Number of protein chains: 2
Amino acid sequence: MDDDAALGQIETEVALLMRLGEATRRATPVAAHRSLDRAAYVILRHLQDAGPQNVSALAARLNLDGSTVTRQVSAMQRDGLVTREPDPHDGRGAVIRATRAGLNRVDAVRAARTALYGEILADWSPGDRRALAMLMRRLNESLDAHTRRTR
Amino acid sequence: MDDDAALGQIETEVALLMRLGEATRRATPVAAHRSLDRAAYVILRHLQDAGPQNVSALAARLNLDGSTVTRQVSAMQRDGLVTREPDPHDGRGAVIRATRAGLNRVDAVRAARTALYGEILADWSPGDRRALAMLMRRLNESLDAHTRRTR
DNA sequence: ATGAAGTATCTGTACTATACAGCTATATGG
DNA sequence: CCATATAGCTGTATAGTACAGATACTTCAT
């Protein structure tokens, strides 16, 4: 495989993965997998990792429009996964904080998804799994850097 | 990194890639990249690789609902990218065939996307690119096999 | 201190991609 | 030749997202 073929194939595989990833998520029968949609899951993950923060910070970090985050956060608040408190330092904004229930939920979903990937990759060697994890992390870093650069 | 951590990270990276892939596609300024939406692109790619076929075959192969493919194909027909002929062997169905224009379009989009990935992965070694392409192909195979198995 | 410009958020609206259910027309196996 | 299955289309619903506009607050230069 020459270098251009590798690029072409990466392009193809990313497109395919986006389709299959959706299909996999939908086809997963266990409720826990689906109890958080894609955006809610990444929002909670980010709150878990980076602590309470406002809507704009989330939007910028996740490459989402502010209005999208507003709505997602509203839904999550309705479901008791996050709280919204006025920001003491900025009267315009609010601080979004994951609740205990939200953290529990995200842990449960993550555990379920990890188990799912254990099934999917059952016949992979540990070394290949690690290699995939590492290369995908780098791919996302490169994609993110490119998106931010060209904007 | 132990094995469970690798699975967890793969799960995270897939979720992130689905978000970033969308953002990248949207943020891409060149018209050619966006002149085919995700489904139209994979449909044309598949017609290109596997030849003319009916709606059901496409839906099964691409893990899409038949109605989705119907609509996508209608839009593509309107745009002159595919033709729909009655199937001589089955009066219920129709055969979808990529037109010359459709093939040109898919080639242009693929070239543009390949170039884009060339930019995104500019600082990657050829070996890493090949490794990523290979592992993602295997990931998609595993995902697809799992989706079909558990259905 | 104050008005202009910037920023954070929310709301209204619209679009894309998708699924599911129901319909019609055709095919096929007893 | 009927009963059931299949291919495709249409109606309807949902999720996820963006963009534009409105509002409220902040910041900064004068």
Side-chain angles (χ1 to χ4, degrees), chain A residues 15-29 33-43 52-79 82-96 147 151, chain B residues 15-16 18-29 34-43 52-79 82-96 147 151:
Chain A
L16 196 54
L17 181 59
M18 298 209 292
R19 283 255 349 100
L20 287 176
E22 265 311 304
T24 301
R25 194 172 68 82
R26 260 195 316 274
T28 303
H33 294 158
R34 289 187 302 190
S35 63
L36 289 175
D37 61 39
R38 197 163 61 210
Y41 183 64
V42 294
I43 288 171
Q53 55 199 281
N54 63 28
V55 170
S56 308
L58 284 170
R61 187 55 170 61
L62 304 174
N63 258 311
L64 286 168
D65 189 81
S67 65
T68 301
V69 175
T70 293
R71 284 176 230 272
Q72 294 290 345
V73 165
S74 298
M76 291 161 75
Q77 186 182 25
R78 170 176 42 72
D79 297 343
V82 298
T83 56
R84 199 194 315 241
E85 309 149 27
D87 186 337
H89 305 305
D90 187 337
R92 294 168 300 182
V95 175
I96 314 302
T147 302
R151 196 172 40 175
Chain B
L16 196 53
M18 298 209 292
R19 282 257 347 99
L20 287 176
E22 266 311 305
T24 301
R25 195 171 67 82
R26 261 196 316 273
T28 304
R34 288 186 303 190
S35 64
L36 289 174
D37 61 38
R38 195 162 64 210
Y41 184 64
V42 295
I43 288 172
Q53 55 199 283
N54 63 28
V55 170
S56 308
L58 284 170
R61 188 53 169 63
L62 304 174
N63 259 310
L64 287 168
D65 189 82
S67 66
T68 301
V69 176
T70 293
R71 283 177 230 272
Q72 294 290 345
V73 165
S74 299
M76 291 160 73
Q77 186 181 25
R78 171 177 39 74
D79 297 343
V82 298
T83 57
R84 199 193 314 242
E85 309 149 26
D87 186 338
H89 305 304
D90 186 338
R92 295 168 300 180
V95 175
I96 314 302
T147 301
R151 197 173 40 177

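Note that the coordinates shown come from a computational prediction; the quantities given were computed from them, not determined experimentally. Naming: A, B, ... by sequence-line order, numbering from 1 per chain.
Atom pair A:Ile43:CD1 and D:dG16:P shows a separation of 10 Å (rounding to whole Å applied). Look at CG on A:Asp65: it is 12 Å from P on C:dT9, rounded to the nearest Å. Put simply, CD on B:Gln72 is 13 Å from C1' on C:dA19, counting in whole angstrom units. Atom CE of A:Met18 and atom C1' of D:dG16 are 14 Å apart (whole Å). If you take CD of B:Glu85 and C1' of D:dG8, they are 16 Å apart, rounded to a whole angstrom. What separates CG of B:Asp87 from P of D:dC9 is a distance of 12 Å, to the nearest Å. Between the CG atom of B:Leu64 and the P atom of D:dA7 there is a distance of 16 Å, given to the nearest Å. The interatomic distance linking A:Asp90 (CG) with C:dG6 (C1') rounds to 12 Å, in whole Å.
Summary of the strand contacts: A:His89 and A:Ser67 both lie near DNA chain D, and taking for each the nucleotide with the nearest heavy atom, the more 5' one is attributed to A:Ser67. If you find the closest nucleotide of DNA chain C to A:Val95 and to A:Arg71, the one lying nearer the 5' end belongs to A:Val95.
Across all strands shown, A:Gly91 has heavy atoms under 4.0 Å from sugar-phosphate atoms exclusively, and none from any base. A:Gly66 comes within contact range of no nucleotide atom at all, as no heavy-atom separation falls under 4.0 Å.
When each of B:Val69, B:Val82, B:Asn54 is tested with B:Ile96 by the rule side chain to side chain contact (heavy atoms under 4.5 Å, CB included), just one qualifies, namely B:Val82.
Rounded to the nearest 0.5 Å, atoms OG1 (A:Thr70) and CD (A:Gln77) are 11.0 Å apart. Summarising the geometry, atom CD belonging to A:Gln72 is positioned 8.0 Å from atom CG belonging to A:Leu64; distances are rounded to the nearest 0.5 Å. For the atom pair CZ (B:Arg92) and CG (B:Asp90), the distance works out to 4.0 Å, reported to the nearest 0.5 Å. Here the straight-line distance linking atom OG1 of B:Thr68 with atom CG of B:Asn63 works out to 11.5 Å at 0.5 Å rounding.
Dashed line: the shortest gap from a side-chain N or O of A:Arg84 to OP1 or OP2 of C:dC10 is under 4.0 Å. Between A:Thr70 and the phosphate of C:dT9, there is no side-chain N or O to OP1/OP2 separation shorter than 4.0 Å. Phosphate proximity of D:dG8 to B:Ser56: present, with a side-chain N or O under 4.0 Å from OP1 or OP2. Remark: A:Thr68 is in phosphate contact with D:dA18, judged by side-chain N or O atoms under 4.0 Å from OP1 or OP2.
Side chain of A:Val55, nearest nucleotide from C:dC10, C:dA19, D:dG8: C:dC10.
One N or O donor and one acceptor, one from the side chain of B:Arg92 and one from the base of D:dT6, sit under 3.5 Å apart.
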